[in-house]
Amino acid sequence: MTRTKLKADPWLCAVAAAQGRMDQPDALYVALDQAVKSAIGHKLFTILTYDGSTGEAARVYSNLPSPYPTGGRKRLTPGPWTEAVLDRGEAYIGRTHDDLRTVFSDHELIASLGCESVLNMPVRWRGRTLGSLNLLHEAGWYGEDDVAACLPFAQLTLPALLSPADL
């Protein structure tokens, strides 16, 4: 009997291995940054957490800390983006600067970094969005195939985003 063996994805393996390191969550976030950049591509990469009780997002990682420092917080306005990403747990793809303009108040800063497209990938646990991976790149960079490719990376972020109340 011939058996087809699944080949391990080196980027997913690197992220999974980073979870075992002591220097958390930094080791995991850096491994995610490198893996997602190689596997999917990005110029700007951030990780946000969401607090449903306050309606705020907090940035816990950024590969460009000068314009997008960690610790930055913002109140999210209810609308189509929050309903899709936060409430339903669907990925959001913005393909052009106009798409970003309709969703993000900081679209001019985003564009100044050479980014005109976005993939916001929710991190989900027990039916709730706890955070998201946010990949930004040149116009037209992201498509539906990138959502499937990003899902395992997003879910590997989960241990760093869980709080005791989530368990």
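What you see is a predicted model, and the numbers here were worked out from it, not measured in a lab.
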Looking at [X] and [Y], what are the two nearest heavy atoms and their distance?
X      : Y      : value
Leu48  : Ala57  : CD1-CB, 4.3 Å
Leu119 : Cys150 : CD2-CB, 4.0 Å
Leu109 : Pro67  : CD2-O, 3.9 Å

Between Thr129 and Arg124, does a side chain to side chain donor-acceptor pair (under 3.5 Å) hold up when you go through it step by step? CA-CA 4 Å; Thr129 300; Arg124 304 274 289 175; 2.7 Å; yes
Would you say [X]'s side chain and [Y]'s backbone share a donor-acceptor pair under 3.5 angstrom?
X      : Y     : answer
Gln24  : Ala18 : yes
Glu56  : Arg73 : no
Ser62  : Thr70 : no
Arg75  : Thr54 : yes
Tyr142 : Gly41 : yes

**Prompt:** Is there a donor in the side chain of Asn134 and an acceptor in the side chain of His42, or the other way round, less than 3.5 Å apart?
**Reply:**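 No, no side-chain donor-acceptor contact under 3.5 Å.
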### Query
Does the side chain of Thr96 come under 3.5 Å of the side chain of Asp98 through a donor N or O and an acceptor N or O?
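There is no such pair between these side chains.
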Check: [Y] and [X] side chains under 4.5 Å, non-hydrogen atoms:
X      : Y      : result
Val123 : Gln155 : yes
His137 : Ile40  : no
Val15  : Leu28  : yes

Subject >> Neighbour count >12 (heavy atoms, 6.0 Å) for atom NZ, Lys37 >> reply: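 Counting neighbours around NZ of Lys37, 12 or fewer heavy atoms of other residues, nucleotides or ligands fall under 6.0 Å, so no.
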Per the side-chain contact (heavy atoms from CB on, under 4.5 Å) rule, which among Asp106, Asn63, Leu136 passes with Tyr68?
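Exactly one candidate clears the test, Asp106.
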* Transitive ILVMFWY side-chain link Phe45 to Val103, under 4.5 Å ->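 In one cluster: no.
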- On the 0 to 90° scale, with breaks at 30° and 60°, tag the Trp81-Phe104 ring pair as parallel, tilted or perpendicular.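 Aromatic pair Trp81/Phe104 classed perpendicular.
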| query | Hey, what's the ring geometry for Tyr29 with Tyr61, parallel, tilted or perpendicular (30° and 60° as the breaks)? | reply |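 Tyr29 and Tyr61: tilted rings.
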